[in-house]
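Heads up: the structure comes next, in structure tokens.
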Amino acid sequence: MASSPACENPTVTARSWPQRLRLIVGALLIWAALQYLLNATLMAPGLARPATLAASGHPVLAALGLAIILLIGSLVAARVAGAAYSHPGLLAAALGLALWVIPAGTMTEWLMYANPQLGPPTGTAYWPLVAEYLWLLLLMLAVAVLTEIPWTALASLDRATIRQEFRRTVGLHLTGRSRINGVLALLLSTLVIGVLMLILTGPATSGQTLRGQVYFAVAVASACGTFVGCRVLRVTEPIWYWPAPILAGLIGVLVATIRPGLLLPAAYAHLNSIPAWGLARALPIEMVGVGVAACLWALRASQRSSRVRQP
């Protein structure tokens with residue numbers, strides 16, 4: 001059996017903490033920009049505000065501001081974090097988002113904001129979240145592509161290199177069975193996330209949504225989905241895993257728009273402040289921030305475990 005990279009090179013363990021520290025610094029830079037620039041200008045004030053772009057006073061401007069901060073911040077964070085991590089800019093952006101919304105309101109606050117009058121659940125409260133998921137998916141895809149393009153190619157607008165990196169990052173360079181396995185890994189990971197979210201978020205009538213429980217559920221579900229995909233299909237390209245929690249969350253709110261009282265018992269059918277089901281209990285920024293970070297971490301752990309097991 002071949003020894004692990006850490007055993008072959010004793011300096012790997014010594015270097016790991018500086019590498020992690022650089023990644024944390026990159027994530028904190030993005031968090032600081034979101035906290036002290038976006039919050040101070042375009043987001044609704046107060047700790048009870050829902051952690052959504054839709055709850056800001058200017059949702060379109062807030063969405064554009066978020067895009068600018070994430071794209072520029074991820075480029076800087078990728079340089080700070082270095083090449084020790086796969087997609088360091090994407091990982092830093094996800095961590096920055098997860099940290100940013102910790103003090104803000106959860107899905108409960110959003111439903112109360114979207115439904116100021118008590119009444120039966122309606123799907124209208126979830127439509128803005130569908131748009132937010134689509135916007136965040138586009139942003140994270142742009143971050144993933146942009147931060148993988150060499151700076152020299154960006155500065156010189158080297159179209160050939162930019163096109164090549166784009167195709168590699170989004171999986172277009174794969175052909176035949178590899179691409180099919182990639183799509184299957186994405187679907188399998190999304191399925192695992194959906195099932196675990198229904199279990200880990202607790203019953204629909206659990207009352208106030210707790211951010212800690214939501215973060216735990218999203219992190220565990222996303223990591224397990226990635227581990228299962230890696231173990232079953234042997235797919236290791238990040239593009240087939242990090243979008244999975246976004247797709248799972250998008251499916252969750254789409255179903256909620258059609259059946260806003262999906263898993264609510266009859267005794268709670270008159271309340272519009274309880275999420276339709278567990279897959280809609282996380283807000284888009286929560287699902288994207290924690291989910292993408294957990295997927296990338298689990299993929300890195302799976303790759304290192306596979307290297308250790310290789311004969």
Side-chain angles (χ1 to χ4, degrees), residues 5 15-16 18-31 33-34 66-98 134-175 178-179 181-183 185-186 189 222-223 226 229-230 234-247 288-304 306-307:
R15 287 200 305 262
S16 62
Q19 291 168 350
R20 292 171 188 164
L21 182 61
R22 291 171 65 182
L23 177 67
I24 292 171
V25 169
L28 289 177
L29 289 173
I30 295 175
W31 165 82
L34 293 170
L66 177 65
I68 293 171
I69 290 174
L70 283 187
L71 293 175
I72 296 177
S74 62
L75 281 172
V76 175
R79 295 287 290 180
V80 172
Y85 291 86
S86 174
H87 285 308
L90 183 63
L91 181 54
L95 291 173
L97 285 174
L134 294 174
W135 181 243
L136 288 169
L137 176 59
L138 180 63
L139 280 184
M140 299 307 274
L141 182 61
V143 166
V145 172
L146 188 63
T147 55
E148 290 300 299
I149 299 173
W151 282 68
T152 53
L154 283 176
S156 62
L157 295 178
D158 184 347
R159 294 183 179 180
T161 302
I162 292 174
R163 187 183 302 110
Q164 178 182 354
E165 289 301 319
F166 171 80
R167 291 180 59 84
R168 183 185 64 81
T169 304
V170 301
L172 294 178
H173 67 296
L174 301 173
T175 58
S178 296
R179 185 177 296 182
N181 283 344
V183 174
L186 176 59
S189 181
S222 299
T226 301
C230 288
R234 309 295 181 183
V235 174
T236 58
E237 287 82 4
I239 187 58
W240 306 121
Y241 294 107
W242 67 257
I246 308 178
L247 294 179
V288 172
V290 178
V292 170
C295 285
L296 292 175
W297 171 83
L299 181 60
R300 186 169 186 259
S302 294
Q303 291 171 338
R304 295 176 69 177
S306 296
R307 289 196 295 267

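Keep in mind that what you see is a predicted model, and the values were worked out from it rather than measured. FYI, the numbering just counts along the sequence from 1.
- The shortest non-hydrogen separation linking V80 to G26 is CG1-N, 4.2 Å.
- Counting heavy atoms from C-beta outward, L299 and C230 have side chains that approach closer than 4.5 Å.
- Separating the OG1 atom in T169 from the CG atom in L146 is a distance of 10.0 Å, to the nearest 0.5 Å.
- Side-chain atoms of L136 and I246, non-hydrogen and from C-beta on, never get closer than 4.5 Å to each other.
- Looking at S74, its side chain does come within 3.5 Å of a backbone N or O of L71 through a donor-acceptor pair.
- Residue W151 comes nearest to R79 through the heavy atom pair NE1-CD, 2.8 Å, listed as atom of the first residue, atom of the second, then distance.
- Nearest approach of V143 to A93, heavy atoms of both residues: CG1-CB, 4.3 Å.
- Heavy atoms only, all atoms of each residue included: A67 and W135 are closest at CB-CZ2, 3.8 Å.
- Contact detail for G96 and I30: the closest heavy-atom pair is CA-CG2, 4.3 Å.
- In this structure, CG on L174 lies 10.0 Å from CG on N181, to the nearest 0.5 angstrom.
- Two residues are said to be in side-chain contact when any heavy atoms from C-beta on lie closer than 4.5 Å; W242 and V288 fail this criterion.
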task = Output, in order, the C-alpha distance, side-chain angles, deciding distance and verdict of side-chain contact (heavy atoms from CB on, under 4.5 Å) for L91 and W297.
result = CA-CA 8 Å; L91 181 54; W297 171 83; 5.8 Å; no
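- In this structure the side chain of L172 reaches within 4.5 angstrom of the side chain of F166, judged on heavy atoms.
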inquiry  = Show, in sequence, the C-alpha distance, side-chain angles and deciding distance for Y241 and L186, and conclude whether the side-chain contact (heavy atoms from CB on, under 4.5 Å) test is met.
reply    = CA-CA 6 Å; Y241 294 107; L186 176 59; over 6 Å; no
key: Audit row: S302, T236, side-chain contact (heavy atoms from CB on, under 4.5 Å) steps and yes/no   = CA-CA 8 Å; S302 294; T236 58; over 6 Å; no
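- The line from CG of L134 to CG of L137 is 7.0 Å long, rounded to the nearest 0.5 Å.
- Rounded to the nearest 0.5 angstrom, I239 CD1 and H87 NE2 are separated by 7.0 Å.
- Note that CH2 of W240 is 14.0 Å distant from OG1 of T226, once rounded to the nearest 0.5 Å.
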query = Passes side-chain contact (heavy atoms from CB on, under 4.5 Å), L90 versus E148? Steps please.
reply = CA-CA 9 Å; L90 183 63; E148 290 300 299; over 6 Å; no
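- Expressed to the nearest 0.5 Å, how far CG of L95 lies from CD1 of I24 amounts to 8.5 Å.
- Among all heavy-atom pairs drawn from A294 and S222, the shortest one is CB-CB, 3.8 Å.
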